[in-house]
Every structure is written in C-alpha cells, then in structure tokens.
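Let me begin by presenting the structure, written as structure tokens, before commenting on it.
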Amino acid sequence: MKKKLLSLLLIVFCILFGGFGILYDGLYGNPFRDYLMKNDTMRYLNDIGYTKNDLLSVRTNYSMKINSDKVKGTLAKVTFKDEPQDTYIYFQQNSNQKIIQACDYLDGHIMKNNYTPERKHMLKNCKSIY
C-alpha cells in the first residue's frame, strides 16, 4: 500500500512539475536557449569584426509573439559602448540557424523597422522580424 501511494505521489509530482516546466518555457523561454542565443550572437558579432570590448551588454529574452516556424522566439539585445542609447536586436532563423540583425528599433516612443545610416552599427542587410 505504501509503495502504491508513493508511486502515485511521484507520478502526480512529475506531472505537475513537468506541466509547470512546459508552461514556464512557453511563456518565458528556456534559460538554456537564452545561453545558446547569447553565444551564437557573440560568435556572429566576432565574425563580422566586433570584440567584447566593443560591447556594453548582450541580453537575451524570449518573445512568444515572434516565435514562429520562421523565427526562433529568443532575441538578443545588443548595446555597443560607443552608442549606449541604442539597442540592436538580433534574431535567429529556424531554417538555417543564421543570426540576423533586425531593422526594428525604438525611435522615441515609435517602433520603426527600416535601415537608417544614423545608427552606427545597423547593417544594410538587416531584416524585419515580422
């Protein structure tokens, strides 16, 4: 009787814990994916000529709104030392795992998504996330 009760409690615990984990992953993302996105973004930035000394911060976060069959939901937000007022967004395509800079940026309170030469680190081949 004790074994059955213990087994039942263990199963219930696993279902609740697993359900919570799936719900958390769906809403807030996975810390492991955040880690991978940060590393992939750092590798991409190194490949195009930036070093850690050029960067002020690289933060990642999950956005359920953009998670689709084309784009992974984890974004990297990069701030450069020489342009601390601007944040550049990088995303990863699902098809080829390629990191791409998003043209999307906040201009005051308005979100814009086009290339502008005023932003020093914006690439001409940037793409819109949406």
Side-chain angles (χ1 to χ4, degrees):
M1 185 68 171
K2 279 187 175 184
K3 282 187 177 184
K4 284 185 180 182
L5 183 61
L6 187 59
S7 296
L8 182 62
L9 286 174
L10 184 61
I11 289 170
V12 169
F13 177 76
C14 288
I15 290 171
L16 288 175
F17 186 71
F20 175 73
I22 291 170
L23 181 64
Y24 183 87
D25 182 43
L27 294 174
Y28 303 107
N30 183 322
F32 183 67
R33 282 197 301 255
D34 288 348
Y35 172 79
L36 291 176
M37 181 61 179
K38 186 173 183 175
N39 283 345
D40 290 345
T41 303
M42 291 297 297
R43 190 175 311 113
Y44 170 76
L45 291 171
N46 285 334
D47 289 347
I48 62 172
Y50 293 109
T51 65
K52 279 187 173 185
N53 294 334
D54 297 324
L55 307 174
L56 189 61
S57 69
V58 177
R59 299 177 319 277
T60 57
N61 73 308
Y62 178 76
S63 175
M64 190 170 32
K65 292 179 182 178
I66 66 149
N67 192 23
S68 68
D69 58 338
K70 294 180 182 179
V71 177
K72 291 188 175 184
T74 305
L75 300 174
K77 296 182 177 183
V78 178
T79 306
F80 293 91
K81 284 184 180 176
D82 63 345
E83 208 174 10
Q85 72 281 4
D86 290 327
T87 300
Y88 293 84
I89 300 171
Y90 294 84
F91 64 94
Q92 192 170 31
Q93 292 179 320
N94 271 328
S95 60
N96 58 10
Q97 309 304 313
K98 187 176 178 183
I99 301 287
I100 297 173
Q101 186 185 68
C103 293
D104 306 288
Y105 64 95
L106 197 60
D107 185 11
H109 296 291
I110 300 169
M111 188 63 130
K112 295 188 177 182
N113 65 352
N114 56 338
Y115 171 77
T116 177
E118 289 83 31
R119 298 188 73 194
K120 294 179 190 177
H121 303 286
M122 184 174 265
L123 303 174
K124 287 186 180 179
N125 64 345
C126 63
K127 305 253 190 259
S128 178
I129 295 173
Y130 307 101

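By convention here, the first residue in the shown sequence is residue 1.
Residue pairs meeting the disulfide bond (SG atoms under 2.5 Å apart) criterion with at least one member in residues 32-105, sequence neighbours excluded: C103-C126. For residues 31-97, the set of pairs meeting the disulfide bond (SG atoms under 2.5 Å apart) definition, not counting sequence neighbours, is empty. Screening residues 47-62 for salt bridge (Lys or Arg N to Asp or Glu O under 4.0 Å) gives no qualifying pairs among residues at least two apart or on separate chains.
Other members of the hydrophobic cluster containing L36, listed by chain and number, are F32, Y35; membership follows side-chain contacts under 4.5 Å among ILVMFWY residues, whether direct or relayed. Applying the 4.5 Å side-chain rule to ILVMFWY residues, one finds that L10 remains a lone member of its cluster.
Residues meeting the side-chain hydrogen bond (donor to acceptor under 3.5 Å, both in side chains) test with D82, sequence neighbours left out: H121. Listed by chain and residue number, K72 satisfy the side-chain hydrogen bond (donor to acceptor under 3.5 Å, both in side chains) test with Q97 (two or more places apart in sequence, or in another chain). Applying the side chain to side chain contact (heavy atoms under 4.5 Å, CB included) test to N53 and every residue at least two apart in sequence or in another chain returns T51. With sequence neighbours left out, K70 forms a side chain to side chain contact (heavy atoms under 4.5 Å, CB included) with S68. Partners of K38 by side-chain hydrogen bond (donor to acceptor under 3.5 Å, both in side chains), not counting sequence neighbours: none found. Judged as a side chain to side chain contact (heavy atoms under 4.5 Å, CB included), and not counting sequence neighbours, the contacts of I11 are I15. Here D104 pairs with nothing under the salt bridge (Lys or Arg N to Asp or Glu O under 4.0 Å) rule; sequence neighbours left out.
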